[in-house]
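Below is a structure I'd like to ask you about.
Note that ligands are numbered from 1 as they come in the structure, with each ligand's atoms numbered from 1 the same way. Along the sequence shown, the residues carry numbers beginning at 1.
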Amino acid sequence: MTRMIKIFDTTLRDGEQCPGASMNTDEKLAIATQLARLGVDVIEAGFAYSSPGDFEAIKRIANEVQGPTICSLARAKPEDVDRAWEALRGGANVRIHTFLSTSDIHLKHQFRMTRAEALARAVEMVQRAKGYLNDVEFSPMDATRSEASYLYEVLEAVIAAGATTVNIPDTVGYTTPQEFGVLIEGIRRHVPNIDRAVISVHCHNDLGLAVANSLSAVLAGAGQVECTINGIGERAGNASLEEIVMGLRTRRDYYRADTKIVTEEIARASRLVSAITGIVVQPNKAIVGDNAFAHESGIHQDGLLKDKTTYEIMRPESVGIVKSKLVLGKHSGRHAFRTQLESMGYKLSDDEMNKAFERFKHLADQKKELFEEDLDAIVAEEIFRIPERYKLVAMQVASGTGERPTATVELEIDGQRSRQTGHGDGPVDAAYRTIAAMIATKSRLHAYIVKAITGGTDAQGEVTVRVEEDGRTAIGQGADTDIIIASAKAYLNALNKLAYWQQRGRIGVLPSGDKSHP
Ligand code: KIV
Ligand code: ZN
């Protein structure tokens, strides 16, 4: 019999703890919407107590995203549990996930609690959460470095207090597949009331074993796996959702387990998370890397031409990697545009739709044929729009052999036009130096990444930059058929975010180094 394993996605919580991966509320909502299309069972939308931005994002996701259970993390503290409930209370299916360490290392050095005090606190907080809702998850943090007999005792007590899921975290990525399997079997054998709760696992990737450990736990009887899109997360990241899901689907014969994930939505989810966080997926990454289905060797290509099964254990289409599909052209009208976006799952307001259509018309003039990926880029620019303090009005760049690269940039800054010419080591450098001088920014550029959205020399280039100022990191994105213009747009997008956060106080993210994140 095939067991159905629940997929608990924590991209918006543990994934956001990945350096530089901070997201604002609209971005989180866009990812949550895609996670719902993907069919995840639970979305951990954030950590309500940690910031007003996280609180707001959880609240909106709980109210607006249909399908999955929406969850908030809460330390084992009354104020955290209460705040999690406040954020979740409007949602149809909601869960509070509370946690406290069980390892002596953590209890002694971090929490300064005895084992008895920690057990009592864990029970009390599960009961408190239970007073608000039925669906309560408890995690004994650093479980894999905890003494097994104490871990069993805590699990029995929190289940008796009402926990419906007990999650076993390998917080520091320390365990091995065999050892972790034995731990899960031990929990099944030694916790007398374990049949009243789902056993979940949450593995970090410090030794590159997060997926292997999670799959070993499934073999040993775990019923829920916690993971993130592209495996992003604290330090070396979390177990990657796409690898877990495709591992189970491809080897269902071996694991006798599967998930209800709509695997065809995986590539889209991966692209979206990468675009929003600015964290690029390595080309050789399993399932979603650019080379994951690219066969280079002549022998392999020969085999594939004769029969796909010779070298392909999964079809690219099964994870949503399809040949770019031509969807619209220069003469497509507003109705065709709206219908196409709706078929791709986008729900835009009339105002957003009008603005996106204007962008589409402009792009169709330059490019003639538009693919799904082009429309993804247009919508991304529209949805993740923030107030533009700095707007690009015009730009000319000259460069060539023996010529000093020169950029003349015209910007609108707080509604005032200004124009300046500057130089640099290359055309992008000239544009960036000129923009930086005009805005008088103190920020530093940490990353600059260019990607072609579709094939061909008329493809749109998509530029992602990471810019930092006073410990705050902003990801900027820009797309255009002219790569230098795309670069300028991406840089201005990041600078606009920094300016916006400075003006409002940042939404949705804790300053890096904040100790209230687990
Ligand atoms: O890694 C960890 O232990 C966590 C817990 C909060 C589940 O993220
Ligand atoms: Zn974690």
Side-chain angles (χ1 to χ4, degrees), residues 6-19 21 41-51 54 58 69 71-77 80-81 83-84 95-107 109-111 118 121-122 125-126 129 135-146 151 154-155 158 163-175 180 183-184 187 197-211 213-214 217 222-241 244 510 514-518:
K6 284 184 193 300
I7 292 295
F8 176 115
D9 181 278
T10 183
T11 306
L12 300 179
R13 198 278 297 171
D14 221 332
E16 206 206 20
Q17 289 172 225
C18 182
D41 297 277
V42 185
I43 295 175
E44 189 164 50
F47 176 10
Y49 189 81
S50 70
S51 73
D54 252 33
I58 296 166
T69 294
C71 171
S72 170
L73 186 69
R75 290 170 300 183
K77 293 185 170 208
D80 273 42
V81 173
R83 190 81 174 137
R95 172 182 297 188
I96 292 177
H97 173 196
T98 186
F99 70 99
L100 183 61
S101 283
T102 46
S103 73
D104 288 338
I105 306 177
H106 280 200
L107 289 180
H109 300 294
Q110 188 183 4
F111 293 90
R121 175 77 74 81
M125 288 309 116
V126 168
D135 192 346
V136 177
E137 173 167 329
F138 177 77
S139 288
M141 189 158 74
D142 206 18
T144 52
R145 294 192 301 165
S146 305
L151 179 64
V154 171
L155 294 178
V158 293
T164 42
T165 302
V166 285
N167 177 46
I168 313 302
D170 182 28
T171 304
V172 292
Y174 179 72
T175 198
F180 200 45
L183 178 65
I184 303 302
I187 289 169
V198 173
I199 301 178
S200 169
V201 290
H202 174 113
C203 296
H204 279 272
N205 205 29
D206 300 65
L207 294 172
L209 293 172
V211 169
N213 289 337
S214 307
Q224 173 179 288
V225 176
E226 302 198 354
C227 43
T228 59
I229 300 291
N230 298 338
I232 64 168
E234 184 84 29
R235 307 181 308 280
N238 289 61
S240 116
L241 179 146
I244 304 274
L510 289 164
D514 187 299
K515 296 291 178 293
S516 54
H517 258 144

Inset, instruction - Please work out whether any backbone atom (N, CA, C, O) or any side-chain heavy atom from C-beta onward of Arg75 is under 4.0 Å from ligand 1, and answer side chain, backbone, both or neither. - result: neither
Inset, instruction - Determine whether the side chains of His97 and Ser139 contain a donor N or O and an acceptor N or O closer than 3.5 Å. - result: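 Yes, side-chain donor-acceptor contact under 3.5 Å.
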Legend entry - His202, N/O/S atom nearest the Zn ion (ligand 2):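 Nearest N/O/S atom: NE2.
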Inset, instruction - May I ask you to list the atoms of ligand 1 that are less than 4.0 angstrom from any heavy atom of Met141? - result: 3 (O)
Inset, instruction - Ignoring angles and geometry beyond distance, decide whether Thr171 reaches within less than 3.5 Å of ligand 1 through its nitrogen or oxygen atoms. - result: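 In this structure, Thr171 places an N or O atom under 3.5 Å from an N or O of ligand 1.
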Inset, instruction - Give the name of the N/O/S atom in Asp14 that lies closest to the Zn ion (ligand 2). - result: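 Closest N, O or S atom of Asp14 to the Zn ion (ligand 2): OD2.
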Legend entry - Enumerated ligand 1 atoms positioned under 4.0 Å from heavy atoms of His204: 1 (O)
Legend entry - Any Arg13 heavy atom less than 4.0 Å to ligand 1: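 True for this residue.
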Legend entry - Pair Asn238-Thr228, side-chain donor/acceptor within less than 3.5 Å: no
Inset, instruction - Report yes if some N/O of Asp14 lies less than 3.5 Å from some N/O of ligand 1; otherwise report no. - result: yes
Inset, instruction - Compute whether any side-chain donor of one residue and acceptor of the other, for Glu234 and His204, lie under 3.5 angstrom apart. - result: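 Judged by distance alone, the side chains do not pair up.
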Inset, instruction - Report yes if the side chains of Phe111 and Met141 come closer than 4.5 Å at any heavy-atom pair, otherwise no. - result: yes
Legend entry - His202 side, atom NE2; Thr144 side, atom OG1 - distance, nearest 0.5 Å: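 OG1 of Thr144 is found 10.5 Å from NE2 of His202.
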Inset, instruction - Would you indicate whether the side-chain heavy atoms of Val126 and Thr98 approach each other to under 4.5 Å? - result: yes
Inset, instruction - Ignoring angles and geometry beyond distance, decide whether Asn167 reaches within less than 3.5 Å of ligand 1 through its nitrogen or oxygen atoms. - result: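 No; every N/O pair is 3.5 Å or more apart.
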Inset, instruction - Decide yes or no for Leu100 and Arg121: does some side-chain heavy atom of the first lie under 4.5 Å from some side-chain heavy atom of the second? - result: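 In short, these two side chains touch, coming nearer than 4.5 Å.
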Legend entry - ligand 1 N/O within reach of His97 N/O, cut-off under 3.5 Å: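 In this structure, His97 places no N or O atom under 3.5 Å from an N or O of ligand 1.
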